[in-house]
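These numbers come from the heavy atoms of this one structure, side chains and all, not from hydrogens, waters or symmetry mates.
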Amino acid sequence: MGRAYSTIAFDPAKCDGCGDCMMACAQAKTGTSDTARSRIQIVGRGNATKDATEDATENAFELALCRQCADPKCVTVCPAGALAKDGASGVIGWDASKCVDCLLCTVGCAYGGIALEQATGHVAKCDTCDGRPACVPACPKGALTYVTTAKIYNEVGDWEDLFAPGLAGCQGCNTELLMRHTLRRVGPDTVLATPPGCVPGMGSVGFNGTTGTKVPVFHPLLTNTAAMLAGVKRQFKRMGREVTALAIAGDGGASDVGFQSLSGAAERGEQMLFMVVDNEGYMNTGMQRSSCTPYGAWTSTTPIGAGCAAGQPAQGKTQDAKNLPLIMVNHRCAYVATASTAYMEDLYAKLERAIEASKTGFAYVHVYSPCTTGWRFASDQNMEVARKAVETNFVMLWEFTPGEGLNFTRPVDDPLPVTDYLKAMGRFRHLSPAQIEHIQGKVVENAKFVQRFSEQAHGG
């Protein structure tokens, strides 16, 4: 696998065009306050101004910055060899001693990332300040972030992919990403259980006589996954073989009909890693509601408009979601964590701890997994929906052990309003102001509850 590199990401919806990033860059690179000499340029579109409306601001500003391209055109068109990509850092470096000032590189770059600096008469471009870009912390709106997630792909990219190629998921679904990375990390000495749901539906148990994984896999009932996996693990121990007993189950089976099996195994401290892929419903069989489906959400069994509820038009699910990970905390499991595929480094760190905990007790990881089909959003928005869930505190990322208590791994001190998350999906499009107020209230209530739980665990 090729290397992946860190990069500066830009969110135009957050940018108000203040220019603080350009000022910071100019000071860092030239020692002046001349923003024309900044390597990063925020460019307004049309009549955009700082006073533009919120909707207009989303499309008001663009970024001119070197993307440090994998196949940089500026490098290929440079006749003097003055530009070269560093294989270790990924940064495209410029050598002044070789440059002939022909400016062909400025033509080759489609992003306006390299340009003539009038004060010096040479081209100038971003070098990411040796991995500590001055522009990022200077942005008061958080429109710039230095994305470092890529380093996990450099670390794990060459590990064996233990799923067969060609799994059959819905377009834009991130469950395949979750399955492949989880099994890649857990490793080949694994016995995998995948009860009915999206995971076997995508092909973990194979198609037409073929295998879906390179490790032993079985397909239990929704009701007995944890019980069967406990038996398998115990039999391997009797045989003197140390394997990781791994379940990848949906939220429906785990929180509803499979809960008795899950709860029993957790209470007994069975040595396994139980992962729940929470897409908030029975999504592969027709998008029915589960006990993890949030209040107000449309599903095929919690419709909107048609039908009546107490004489009123139905408006989605009328109950709040079951908080399964907190219920598992009350089982005093060896390890409990919540995770999201929008934060893969966080997920990998939790897998490390969960695998270790499963050698002596029950480890539980609850991963929030947006469903492009059932949640009704565009297939290219999966990660953005997952990220918004965390940024609004609709989903909180934490981990728990009996010895350390509950700790937040990605605290959000200033959460966005929950509407920023709800409006990203069609399943909430029908919500009334009263329903949105109810959801916002529950998000705040839940955040306070978990915060108090964490503080109590640490003597607060």
J.: Determine, stepwise, if the pair T145 / I8 fulfils side-chain contact (heavy atoms from CB on, under 4.5 Å).
T.: CA-CA 6 Å; T145 51; I8 298 173; over 6 Å; no

J.: Working to the nearest 0.5 Å, report the span between OG of S300 and CE of M287.
T.: 6.0 Å

J.: A side-chain contact here means heavy atoms from C-beta on lying under 4.5 Å apart; do K388 and L416 qualify?
T.: yes

J.: Look at the rings of F259 and H331 and say which category their plane angle falls in: under 30° parallel, 30 to 60° tilted, over 60° perpendicular.
T.: perpendicular

J.: Do you see a donor-acceptor pair shorter than 3.5 Å between the side chains of N174 and S369?
T.: yes

J.: Could you tell me whether the side chain of T244 and the main chain of V186 form a donor-acceptor pair under 3.5 Å?
T.: no

J.: What are the two closest non-hydrogen atoms of P133 and Y146, and how far apart are they?
T.: CG-CD1, 3.7 Å

J.: Can you list the steps and then say if K350 with T409 is a side chain to side chain donor-acceptor pair (under 3.5 Å)?
T.: CA-CA 10 Å; K350 288 168 178 171; T409 58; 2.9 Å; yes

J.: Checking the side chain of E384 only, and the main-chain atoms of Q381 only, is there a donor and an acceptor separated by less than 3.5 Å?
T.: no

J.: Do L246 and I248 touch side chain to side chain, with heavy atoms closer than 4.5 Å?
T.: yes

J.: Can you tell if the side chain of M272 reaches within under 4.5 Å of the side chain of S358, non-hydrogen atoms only?
T.: no

J.: Would you tabulate the side-chain donor-acceptor contacts of residues 441-450 under 3.5 Å, counting partners in other chains and residues two or more places apart, or write 'none'?
T.:
residue: N446; atom: OD1; partner: N323; partner atom: ND2; Å: 3.4

J.: Which value, rounded to the nearest 0.5 Å, describes the distance between Q27 atom CD and S38 atom OG?
T.: 10.0 Å

J.: What residue among L183, T175, L177 forms side chain to side chain contact (heavy atoms under 4.5 Å, CB included) with M179?
T.: T175

J.: Working note: R353 + E404, criterion salt bridge (charged side-chain N to carboxylate O under 4.0 Å, His left out); need CA distance, chi angles, decisive distance, verdict.
T.: CA-CA 13 Å; R353 299 200 67 185; E404 299 172 1; 3.2 Å; yes

J.: Y348: what forms a ring-ring contact (aromatic ring centres under 6.0 Å, His included) with it, not counting sequence neighbours?
T.: H181

J.: Return the minimal non-hydrogen interatomic distance between P196 and L221, and the atom names on each side.
T.: CD-C, 3.9 Å

J.: At their closest point, which heavy atom of D346 faces which heavy atom of T338, and how far apart are they?
T.: OD2-O, 4.2 Å

J.: Could you tell me whether E437 atom CD has more than 12 heavy atoms of other residues or ligands within 6.0 Å of it?
T.: no

J.: Apply side-chain contact (heavy atoms from CB on, under 4.5 Å) to residues F362 and V336 and explain how you reach the verdict.
T.: CA-CA 9 Å; F362 193 91; V336 180; over 6 Å; no

J.: Ignoring hydrogens, what is the shortest heavy-atom contact between A9 and V147? Give both atom names and the distance.
T.: CB-CG2, 3.5 Å

J.: Using atom types as modelled and distance alone, determine if a side-chain donor or acceptor of Q315 lies under 3.5 Å from a backbone N or O of I304.
T.: no

J.: Given 3.5 Å as the limit, does a donor-acceptor pair link the side chain of H430 with the main chain of G296, or not?
T.: yes

J.: Hey, are the side chains of Y343 and V390 touching, using non-hydrogen atoms and a 4.5 Å cut-off?
T.: yes

J.: Considering only heavy atoms from C-beta outward, does the side chain of V191 approach that of V215 to under 4.5 Å?
T.: no

J.: Between Y335 and E399, does any side-chain donor sit less than 3.5 Å from a side-chain acceptor?
T.: yes

J.: List the atom of V385, the atom of Y421, and the distance in Å for their closest heavy-atom pair.
T.: O-CE1, 3.5 Å

J.: Here's one to test your reading of the geometry: is the NZ or CZ of R427 within 45 degrees of the ring axis of W375 and under 6.0 Å from its centre?
T.: yes

J.: Can you measure from CE (M396) to OG (S340) and round to the nearest 0.5 angstrom?
T.: 13.5 Å

J.: Could you walk me through whether M283 and T373 pass side-chain contact (heavy atoms from CB on, under 4.5 Å), step by step?
T.: CA-CA 8 Å; M283 294 306 178; T373 304; over 6 Å; no

J.: So if I apply the salt bridge (charged side-chain N to carboxylate O under 4.0 Å, His left out) rule between E270 and each of R234, K233, K359, which one comes out positive?
T.: R234

J.: Mind checking the SG-CG spacing from C21 to L144? Nearest 0.5 Å is all I need.
T.: 5.5 Å

J.: Of the non-hydrogen atoms in A88 and Y5, which two are nearest, and what is the gap between them?
T.: O-CE2, 3.7 Å

J.: Does R429 CZ have over 12 foreign heavy atoms under 6.0 Å away?
T.: no

J.: In chain order, what residues pass the salt bridge (charged side-chain N to carboxylate O under 4.0 Å, His left out) check against E155, with sequence neighbours excluded?
T.: none

J.: Given the rule in the salt bridge (charged side-chain N to carboxylate O under 4.0 Å, His left out) test, do E455 and R452 qualify, once you have shown the distances and angles that lead to the verdict?
T.: CA-CA 5 Å; E455 292 171 353; R452 283 199 302 272; over 6 Å; no

J.: Is a donor on one side and an acceptor on the other found under 3.5 Å between the side chain of S261 and the backbone of G258?
T.: no

J.: Any side-chain heavy atom of T372 sitting closer than 4.5 Å to one from Q171?
T.: no

J.: Does the side chain of T194 come within less than 4.5 Å of V217's, by heavy atoms?
T.: yes

J.: Evaluate the side-chain contact (heavy atoms from CB on, under 4.5 Å) criterion for residues Y111 and C66: first the C-alpha distance (whole Å), next the side-chain angles of each, then the deciding distance (0.1 Å), finally the verdict.
T.: CA-CA 7 Å; Y111 304 107; C66 176; over 6 Å; no

J.: Does any pair with a residue in residues 213-230 pass side-chain hydrogen bond (donor to acceptor under 3.5 Å, both in side chains), and if so which ones, sequence neighbours excluded?
T.: none

J.: Check this for me: does any side-chain nitrogen of one of K141 and D20 sit under 4.0 Å from a carboxylate oxygen of the other?
T.: no

J.: For the atom pair CD (Q451) and CG (D413), what is the distance rounded to the nearest 0.5 Å?
T.: 8.5 Å

J.: Can we say E176 and R180 salt-bridge, meaning some charged N sits less than 4.0 Å from an Asp/Glu carboxylate O?
T.: yes

J.: With a sphere of 6.0 Å drawn around CG of D130, does it hold more than 12 non-hydrogen atoms of other residues, nucleotides or ligands?
T.: no

J.: Does any non-hydrogen side-chain atom of D161 lie less than 4.5 Å from one of R184?
T.: yes

J.: Donor-acceptor pair, distance only, cut-off 3.5 Å: does the side chain of T190 make one with the backbone of L192?
T.: no

J.: Scan for side-chain hydrogen bond (donor to acceptor under 3.5 Å, both in side chains) pairs involving residues 245-260, sequence neighbours excluded, and state none if there are none.
T.: D251-S290, S255-S291, D256-Y282, D256-S291

J.: How long is the straight-line distance from CZ of R67 back to SG of C126, given to the nearest 0.5 Å?
T.: 10.5 Å

J.: Can you list the steps and then say if Y368 with H366 is a ring pair (Phe, Tyr, Trp, His ring centres under 6.0 Å)?
T.: CA-CA 7 Å; Y368 293 96; H366 194 101; 5.1 Å; yes

J.: Do side-chain atoms of D278 reach the backbone of V367 as a donor and acceptor pair under 3.5 angstrom?
T.: no

J.: Please enumerate all residues that pass salt bridge (charged side-chain N to carboxylate O under 4.0 Å, His left out) together with E352, with sequence neighbours excluded.
T.: R185

